[in-house]
Amino acid sequence: MSETPPNTLQYRFDGPEEAPVLILAPSLGTTWHMWDRQVPELAQQWRVFRFDLPGHGGAPAYPAGSVSDLAGRLLATLDALGVQRFGYAGCAFGGAVGVELALRHPERVASLALIAASPRFGTADEFRQRGVIVRTNGLDPIARSSPDRWFTSGFAAAQPAITEWAVQMVRTTDPGCYIAACEALAAFDVRAEIGAIGVPTLVLVGSDDQVTGPAEARTLVAGIPDARLAVVPGASHLVPVEQPAAVTDLLVRHFSTAWQPSYDSGTGHTIVPGIPVRAVPAVSPQPPQPVAIAEIAPAPAPEPVQVMGRPDPYDAGLKVRREVLGDAHVDRELSQADDFSGDFQELVTRYAWGEVWDRPGLDRRARSCVALTALAAGGHFDELGCHVRAALRNGLTPDEIREVLLQIAVHCGVPTASSAFKVAQQVIREETTPTE
């Protein structure tokens with residue numbers, strides 16, 4: 001166990017100290033206990049390292065603003081322990097961290113397993129709305145619906161103790177850290193980069209996963225050179241919990257046979273710093289193969305982008321516009337543009353969003369307050385609704401939006417505020433009501 005400063009993670013080790021390190025990384029809303037059924041067998045050959053996400057499982061609540069931030073904290077933790085080279089298996093959010101490590105720090109990763117993972121998790125709108133729901137209602141609605149997302153219905157009915165454990169695990173997570181993780185997943189998109197992953201990779205998914213299912217797994221397999229696919233029958237999103245034996249067998253086989261040693265480009269020698277000479281664990285007897293494993297094809301390399309002179313603010317503006325207003329709204333606006341209105345949409349994207357909203361002088365919460373006030377004062381109630389929705393996703397609570405509208409009543413008049421309250425009330429009801 002560990003004491004945890006802000007730039008590191010709460011962790012634990014299992015297994016012999018001299019063995020190669022194998023990291024097991026959790027999913028959003030879970031703790032390291034999701035891997036309990038894998039540890040006894042894996043710890044026979046590896047020194048198993050597990051960690052908790054910030055604010056999960058009693059870990060200190062230091063929110064991580066991005067997947068890259070969390071990967072950096074993990075490396076800082078490992079650096080302090082003297083661990084340089086490791087195998088890595090991550091589920092869902094933990095898989096995103098694994099992809100980040102394989103892309104940005106490939107010299108550290110000896111082998112990779114991505115479980116219930118994706119190069120992009122759903123849509124940014126979905127995760128930002130989940131953050132709005134948690135900010136407004138707390139984690140209880142998310143906790144109560146977690147078993148439906150994580151397990152098949154048959155497993156949930158047959159295992160009420162595990163189902164209740166899952167609910168309590170989410171319910172006791174720090175809401176601010178959960179919201180930050182949702183924001184991190186909203187911004188995570190490496191679809192154009194996964195072809196650069198060069199470590200041996202197993203992509204593992206439950207056949208009944210409705211969150212990041214076989215389609216997302218095949219996207220990873222098609223993009224990562226020499227990756228292999230394993231589909232576990234009768235399992236949903238938390239496949240290590242629902243089908244522990246099958247997952248353990250697959251991980252043992254993968255990490256026993258696909259452990260890439262480090263390579264020093266300066267000397268041309270293969271090196272494995274930080275772990276003993278027995279860098280590749282002894283291969284255990286081959287268990288019965290529980291799933292089908294398929295070969296994959298490489299992904300095309302992304303086209304290089306050349307930027308000359310001052311960057312065009314259009315791309316930055318489009319990114320900010322999508323983050324603030326949501327993909328669905330922006331896609332609808334752009335799809336309706338034609339030869340007559342296209343120039344206007346380009347102007348709005350480039351200058352309103354790329355030049356003004358992207359300036360560092362105010363944060364997005366403050367800009368949302370200004371936008372709500374200006375739109376209401378100008379009587380632009382047809383635009384007010386989308387900016388109420390944006391304000392919620394920028395971090396304003398319904399109580400704070402109410403205070404802005406009350407201030408509008410004082411300075412812009414009661415009739416203006418009355419109309420604004422009607423628009424805002426409807427949007428807030430839509431955005432903060434949990435979906436079953």
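Everything numeric here is computed off the predicted structure, so don't read it as measured data.
- Between Val330 and Leu318 there is a side-chain heavy-atom pair separated by less than 4.5 Å.
- When each of Asp331, Asp125, Asp315, Asp189 is checked for a salt bridge (Lys or Arg N to Asp or Glu O under 4.0 Å) with Arg322, only Asp331 meets the rule.
- Of the inter-residue distances, the one linking Ile408 atom CD1 with Glu403 atom CD reads 11.5 Å to the nearest 0.5 angstrom.
- Between Arg130 and Glu126 the shortest side-chain heavy-atom distance does not fall below 4.5 Å.
- Looking at every heavy atom in both residues, Ala391 comes nearest to Ser368 through CA-OG, 3.5 Å.
- Contact annotation: the side chain of Leu78 approaches that of Ile23 to within less than 4.5 Å [non-hydrogen atoms, C-beta and beyond].
- Residues Glu216 and Ser118 approach most closely at CG-OG, 3.6 Å, considering heavy atoms.
- Nearest heavy atom pair, residue Asp209 against residue Ala116, reads OD2-CB, 3.6 Å.
- In this structure the side chain of Thr201 never reaches within 4.5 angstrom of the side chain of Asp226, judged on heavy atoms.
- In this structure, Phe121 and Phe188 have tilted ring planes: the angle between them lies in the 30° to 60° band.
- Judged by distance alone, the side chains of Arg253 and Ser256 never bring a donor and an acceptor atom under 3.5 Å apart.
- In this structure, Gln38 contributes its side chain and Pro244 its backbone to a donor-acceptor pair below 3.5 Å.
- In this structure, the side chain of Thr8 does not engage the main chain of Ala76 through any donor-acceptor pair within 3.5 Å.
- No side-chain donor-acceptor contact under 3.5 Å links Ser418 to the backbone of Val414.
- The neighbour count for Arg359 CZ, taken as heavy atoms of other residues, nucleotides or ligands under 6.0 Å away, does not exceed 12.
- At distances below 3.5 Å, not a single donor-acceptor pair connects side-chain atoms of Trp353 with backbone N or O atoms of Asp358.
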Show your working on side-chain contact (heavy atoms from CB on, under 4.5 Å) between Arg364 and Glu323 and close with a plain yes or no.
CA-CA 10 Å; Arg364 290 186 184 175; Glu323 290 173 354; 2.8 Å; yes
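- Closest of all the heavy-atom pairs between Val388 and Ile428 is CG1-CG1, 4.1 Å.
- Taking both residues in full, the closest heavy atoms of Pro240 and Met34 are given as CG-CE, 3.9 Å, listed atom of the first, atom of the second, then distance.
- Under the 4.5 Å side-chain criterion, counting only non-hydrogen atoms from C-beta, Met169 is not in contact with His33.
- Two residues are said to be in side-chain contact when any heavy atoms from C-beta on lie closer than 4.5 Å; Arg144 and Asp140 meet this criterion.
- Side-chain atoms of Arg108 come within 3.5 Å of backbone N or O of Gln84 as a donor-acceptor pair.
- Partners of Phe151 by ring-ring contact (aromatic ring centres under 6.0 Å, His included), not counting sequence neighbours, listed by chain and number: Phe155.
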Kindly indicate, with the supporting measurements, whether the criterion side-chain contact (heavy atoms from CB on, under 4.5 Å) is fulfilled by Leu22 and Leu251.
CA-CA 10 Å; Leu22 175 60; Leu251 294 181; 5.8 Å; no
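- Using a distance-only test at 3.5 Å, with no hydrogens or angles considered, a donor-acceptor pair links the side chain of Glu400 to the main chain of Thr397.
- In summary, the side chains of Arg149 and Ser145 do present a donor paired with an acceptor at a separation below 3.5 Å, with no hydrogens or angles considered.
- Under 4.0 Å is where a charged nitrogen must lie from a carboxylate oxygen, and between Asp36 and Arg50 at least one such pair does.
- Residues Pro106 and Arg85 share a closest heavy-atom pair of O-NH1, 3.6 Å.
- Salt-bridge annotation for Arg135 and Glu431: absent, with no side-chain N of the basic residue lying under 4.0 Å from a carboxylate O of the acidic one.
- Distance CG/Leu114 to CG/Leu229: 11.5 Å, rounded to 0.5 Å.
- Between the side chain of Ser146 and the main chain of Ala166, no donor-acceptor pair closer than 3.5 Å is present.
- The closest donor-acceptor contact from the side chain of Tyr11 to the backbone of Leu74 lies at 3.5 Å or more, if one exists at all.
- Contact check for Phe421 versus Arg402: side-chain heavy atoms found under the 4.5 Å cut-off.
- Taken from SG in Cys369 to CG in Leu396, the straight-line distance is 4.5 Å, to the nearest 0.5 Å.
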Name every donor-acceptor pair, under 3.5 Å, that has one atom in a side chain of residues 52-60 and the other anywhere in the protein, sequence neighbours excluded.
residue, atom, partner, partner atom, Å
Asp52, OD1, Trp32, N, 2.8
Asp52, OD2, Gln10, NE2, 3.0
His56, ND1, Pro54, O, 2.9
His56, NE2, Gly29, N, 3.1

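- Taking the six-membered ring for Trp and thresholds of 30 and 60 degrees, Trp46 and Trp259 have nearly parallel ring planes, at less than 30 degrees apart.
- Not a single donor-acceptor pair under 3.5 Å links the side chain of Arg171 to the backbone N or O of Ala143.
- The backbone N or O of Gly234 lies less than 3.5 Å from a partner atom in the side chain of Ser207, making a donor-acceptor pair.
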Carefully, step by step, assess Ser341 and Gln336 under the rule side-chain contact (heavy atoms from CB on, under 4.5 Å).
CA-CA 8 Å; Ser341 62; Gln336 293 172 355; over 6 Å; no
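- In summary, the side chains of Gln426 and Glu430 do present a donor paired with an acceptor at a separation below 3.5 Å, with no hydrogens or angles considered.
- The shortest side-chain heavy-atom distance between Pro147 and Val167 falls under the 4.5 Å cut-off.
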Check against side-chain contact (heavy atoms from CB on, under 4.5 Å), Gln407 and Thr373:
CA-CA 9 Å; Gln407 194 77 13; Thr373 303; over 6 Å; no
